Amino acid sequence: MPKLTNQTIQLLSELAFSAQAKSYSPYSKFKVGAALITDGEQLFSGCNVENASYPLGQCAESSAISAMINGGGSRIKEILIASPNDDFCAPCGGCRQKIREFADGNTLVHLVTKHGKVKTVTISELLPLAFTEQDTKKLS
Ligand code: THU
């Protein structure tokens, strides 16, 4: 892996684990953090925020994307998801679609375990044959 990407992983890891520590997850007790870097090199992070009405909970990736939009960013260059355990925490289906909205197919998604093991995949590997903005233009 190129050195620059390793440095990015290090930086995003610190932000994601710091966000994970703030996770509001009293129902699942499953704390997740996410951090991303935009094409303009802005950094944003977020954690999962649950609710007594369970389906209203928000994933960490979604929180990081909200922070990016609120902070004036628009394109995700790389995103990292910090797991609370020794397994990788891959984004849920809904979050794959949310990431893809602001990413190219080859945007990197780094999955990091509690002890720092890293697996890097592209968003296209996680969400092949994605339905994107271009598809909404094809009306017939
Ligand atoms: N969760 C995330 O925040 N990101 C993921 O990638 C997977 C799941 C959250 C949702 C819920 O608050 C908790 O983890 C358990 O599903």
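It should be emphasised that the depicted structure is a prediction, and the values quoted were computed from it without experimental measurement. Whatever order the structure lists ligands and atoms in, that order sets their numbers, starting from 1.
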[X] and [Y]: which non-hydrogen atoms are nearest, and at how many Å?
| X | Y | answer |
| --- | --- | --- |
| Ile123 | Arg96 | CD1-O, 3.7 Å |
| Asn48 | Ser23 | OD1-OG, 2.7 Å |
| Phe30 | Cys89 | CE2-SG, 4.0 Å |

request  = Hey, could you give me the CG/NE2 distance between Asn6 and His110, rounded to the nearest 0.5 Å?
outcome  =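 Reported to 0.5 Å precision, the distance equals 9.0 Å.
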query = What distance do Ser66 atom OG and Glu61 atom CD have between them, rounded to the nearest 0.5 Å?
reply =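 It comes to 11.5 Å.
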message = Checking Asp86 now: which residues fulfil salt bridge (Lys or Arg N to Asp or Glu O under 4.0 Å) with it, not counting sequence neighbours?
response =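 With neighbours one apart ignored, the set is empty.
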request  = Please name all residues satisfying salt bridge (Lys or Arg N to Asp or Glu O under 4.0 Å) with Lys29, sequence neighbours left out, ordered by chain then number.
outcome  =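 Checked Lys29 against salt bridge (Lys or Arg N to Asp or Glu O under 4.0 Å); zero matches.
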query = Considering only heavy atoms, does Ala90 approach ligand 1 within less than 4.0 Å through its side chain, its backbone, both, or neither?
reply =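 The answer is the backbone.
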request  = For ligand 1, note which part of Cys59 has a heavy atom under 4.0 Å away: side chain, backbone, both or neither.
outcome  =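 For Cys59, the contact with ligand 1 is made by both the backbone and the side chain.
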key: Atoms of ligand 1, numbered as shown, that sit under 4.0 Å from any heavy atom of Ser28   =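 Checking each atom against Ser28, I get 13 (C), 15 (C).
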ask   = Checking Glu125 side chain against Thr122 main chain: does a donor-acceptor pair fall under 3.5 Å?
value =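 Yes, because the side chain of Glu125 sits within donor-acceptor range (under 3.5 Å) of the backbone of Thr122.
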ask   = Can you tell me if Thr113 uses its side chain to pair, donor with acceptor, with the backbone of Lys117 under 3.5 Å?
value =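 Flag set: sc Thr113 to bb Lys117 pair under 3.5 Å.
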Mark the output for [X] as yes if a heavy-atom distance to ligand 1 is under 4.0 Å, and as no if none is.
| X | result |
| --- | --- |
| Cys92 | yes |
| Ser25 | no |
| Ser62 | no |

message = Check this for me - ligand 1, Gln58, N or O atoms closer than 3.5 angstrom, yes or no?
response =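 Such a contact does not occur with ligand 1.
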query = Mind checking whether Ala60 has an N or O less than 3.5 Å away from an N or O of ligand 1?
reply =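 Between Ala60 and ligand 1, an N or O pair is found under 3.5 Å apart.
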key: For atom 7 (C) of ligand 1, the option (of Cys89, Ser83, Gly93) bearing the nearest heavy atom   =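 Result: the heavy atom closest to atom 7 (C) of ligand 1 is in Cys89.
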Report the nearest protein non-hydrogen atom to [atom]: residue, atom name, distance rounded to 0.1 Å.
| atom | answer |
| --- | --- |
| atom 4 (N) of ligand 1 | Glu61 OE1, 2.9 Å |
| atom 12 (O) of ligand 1 | Glu50 OE2, 2.5 Å |
| atom 9 (C) of ligand 1 | Asn48 ND2, 3.6 Å |

query = Does the protein put any heavy atom within less than 4.0 Å of atom 16 (O) of ligand 1?
reply =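 False for atom 16 (O) of ligand 1.
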